Amino acid sequence: MSNILVISAHQDLNISVSNRLILDELTQHFGDKISIRRLSDLYPDYQIDVKAEQDALIGADVVLLQYPTFWFNTPAILKKWLDDVWLYGFAYGEGGDKLHGKKLLVSTTTGSGENTYNGQIVATIDDLVKPVKHSALYAGFDWQGVYPLYGALYIQGVHNDEHLAQLQTNAKNHSNTLIEKLEALL
């Protein structure tokens, strides 16, 4: 049986609509084939348990990084997780082959619509994800691409119920795309 590991790097899933719904849909579909590591819940103090995270990676065949794009970058907790967990002797360098051949993909949500990420003022999503992609390739992952969900911002008291319903529909459709991709990788 193949195992899917999801690294969730939303800073507060309690206020998330899209990221939370995506995780719920993946859990419902894959059941015991999926493990979700909610970094902000596990490490609110940013003190990452490196061994626990490395063990989770070793046990996975497919890794999905699920996070919102903040100010055109990964959330701070994800960057710290990468820095702390993908170490010499584990992810690269002598003996650093623990991630070789594992499949990795990125699913990211953005507050702004797709037209914002046009490569002029703001880089394209593919460009923004390049540091993650090249880190993954350097660590020996089999890169499976980036799947953005644009325009996923919901602010209670600012946006109306119609906007919320549309975001939920978009997140479910995005989840279905991820499920199809993950199923194909198993």
Side-chain angles (χ1 to χ4, degrees), residues 1-14 16-43 48-69 74-75 77-87 90-92 96-110 125-126 128-150 152 168-186:
M1 175 193 298
S2 295
N3 293 309
I4 303 166
L5 174 66
V6 178
I7 303 300
S8 167
H10 194 286
Q11 84 285 7
D12 185 355
L13 284 167
N14 295 320
S16 170
V17 172
S18 298
N19 281 267
R20 186 179 65 230
L21 194 142
I22 290 165
L23 296 176
D24 290 347
E25 293 288 314
L26 293 174
T27 300
Q28 183 177 1
H29 180 82
F30 288 105
D32 64 357
K33 288 185 191 176
I34 196 165
S35 174
I36 298 176
R37 310 281 298 167
R38 292 171 175 84
L39 298 183
S40 60
D41 291 349
L42 291 168
Y43 310 114
I48 293 171
D49 182 340
V50 174
K51 180 168 180 3
E53 297 305 313
Q54 288 178 343
D55 287 346
L57 283 164
I58 288 170
D61 299 304
V62 179
V63 178
L64 170 65
L65 302 180
Q66 175 64 53
Y67 63 88
T69 294
T74 63
I77 189 91
L78 181 58
K79 178 63 169 104
K80 180 152 181 19
W81 182 86
L82 291 167
D83 290 346
D84 289 1
V85 176
W86 293 14
L87 297 174
F90 177 79
Y92 70 98
D97 60 356
K98 309 304 183 283
L99 304 175
H100 286 195
K102 295 178 185 292
K103 294 167 175 55
L104 183 131
L105 58 154
V106 166
S107 168
T108 188
T109 59
T110 69
I125 285 293
D126 285 334
L128 293 175
V129 174
K130 279 184 181 178
V132 174
K133 175 183 179 180
H134 290 284
S135 296
L137 292 171
Y138 188 70
F141 274 108
D142 180 2
W143 177 254
Q144 297 296 311
V146 59
Y147 297 84
L149 174 57
Y150 296 103
Q168 290 169 328
T169 297
N170 294 347
K172 284 186 180 184
N173 291 339
H174 183 77
S175 299
N176 289 334
T177 298
L178 292 175
I179 287 167
E180 287 176 18
K181 179 63 178 176
L182 291 167
E183 285 285 0
L185 295 175
L186 296 178

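None of these values were measured; they are calculated from a predicted model.
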Can you pull out every salt bridge (charged side-chain N to carboxylate O under 4.0 Å, His left out) where at least one residue sits in residues 130-146? Sequence neighbours excluded, please. Asp127-Lys130
Partners of [X] by salt bridge (charged side-chain N to carboxylate O under 4.0 Å, His left out), sequence neighbours excluded?
{"X": "Asp55", "answer": "Lys51"}
{"X": "Glu53", "answer": "Arg37"}
{"X": "Asp97", "answer": "none"}

For Leu26 and Leu64, what are the C-alpha separation, side-chain angles and deciding distance, and is it a side chain to side chain contact (heavy atoms under 4.5 Å, CB included)? CA-CA 11 Å; Leu26 293 174; Leu64 170 65; 3.7 Å; yes
Is there a side-chain contact between [X] and [Y] in this structure, where contact means two heavy atoms from C-beta onward sitting under 4.5 Å apart?
{"X": "Val6", "Y": "Phe30", "result": "no"}
{"X": "Val129", "Y": "Trp143", "result": "yes"}
{"X": "Val106", "Y": "Tyr67", "result": "yes"}

Is it the case that the side chain of Ser40 and the backbone of His10 share a donor-acceptor pair, with hydrogens and angles ignored and the cut-off at 3.5 Å?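 Yes, because the side chain of Ser40 sits within donor-acceptor range (under 3.5 Å) of the backbone of His10.
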Go through the structure and list residues passing side chain to side chain donor-acceptor pair (under 3.5 Å) with [X], not counting sequence neighbours.
{"X": "Asp83", "result": "Lys79"}
{"X": "Ser175", "result": "none"}
{"X": "Asp84", "result": "Lys80"}

Not counting sequence neighbours, which residues clear ring pair (Phe, Tyr, Trp, His ring centres under 6.0 Å) with [X]? List them please.
{"X": "Tyr147", "answer": "none"}
{"X": "Phe90", "answer": "none"}
{"X": "Phe141", "answer": "Trp86"}

Around atom CD of Gln168, are there more than 12 heavy atoms of other residues, nucleotides or ligands at under 6.0 Å? yes
Measure the [atom1]-[atom2] distance between [X] and [Y] for me, rounded to the nearest 0.5 Å.
{"X": "Asn3", "Y": "Ile34", "atom1": "CG", "atom2": "CD1", "value": "10.0 Å"}
{"X": "Leu99", "Y": "Ser135", "atom1": "CG", "atom2": "OG", "value": "11.5 Å"}
{"X": "Tyr150", "Y": "Thr108", "atom1": "OH", "atom2": "OG1", "value": "9.0 Å"}
{"X": "Thr27", "Y": "Ile36", "atom1": "OG1", "atom2": "CD1", "value": "3.0 Å"}
{"X": "Lys172", "Y": "Asp24", "atom1": "NZ", "atom2": "CG", "value": "9.5 Å"}
{"X": "Leu105", "Y": "Leu65", "atom1": "CG", "atom2": "CG", "value": "8.0 Å"}

Can you give me every donor-acceptor pair (side chain of residues 177-186, partner residue at least two apart or in another chain, under 3.5 Å) with its distance?
{"unit_1": "Thr177", "atom_1": "OG1", "unit_2": "Asn173", "atom_2": "O", "d": "3.3"}
{"unit_1": "Lys181", "atom_1": "NZ", "unit_2": "Gln144", "atom_2": "OE1", "d": "3.2"}
{"unit_1": "Glu183", "atom_1": "OE2", "unit_2": "His29", "atom_2": "NE2", "d": "2.6"}

If I compare all heavy atoms of Pro68 with all of Ala9, which pair ends up nearest, and what's the gap? CD-O, 3.9 Å
Restricting to non-hydrogen atoms, name the atom on Ile77 and the atom on Tyr43 that form the minimum distance, rounded to 0.1 Å. CD1-O, 3.7 Å
When the side chains of residues 16-23 are checked against the rest of the protein, which donor-acceptor pairs come out under 3.5 Å, sequence neighbours left out?
{"unit_1": "Ser16", "atom_1": "OG", "unit_2": "Asn19", "atom_2": "N", "d": "3.0"}
{"unit_1": "Ser16", "atom_1": "OG", "unit_2": "Arg20", "atom_2": "N", "d": "3.2"}
{"unit_1": "Asn19", "atom_1": "OD1", "unit_2": "Gln66", "atom_2": "NE2", "d": "2.9"}
{"unit_1": "Asn19", "atom_1": "ND2", "unit_2": "Thr109", "atom_2": "OG1", "d": "2.8"}
{"unit_1": "Arg20", "atom_1": "NH1", "unit_2": "Leu13", "atom_2": "O", "d": "3.1"}
{"unit_1": "Arg20", "atom_1": "NH1", "unit_2": "Asn14", "atom_2": "O", "d": "3.1"}
{"unit_1": "Arg20", "atom_1": "NH1", "unit_2": "Ser16", "atom_2": "O", "d": "2.8"}
{"unit_1": "Arg20", "atom_1": "NH2", "unit_2": "Ser16", "atom_2": "O", "d": "3.3"}

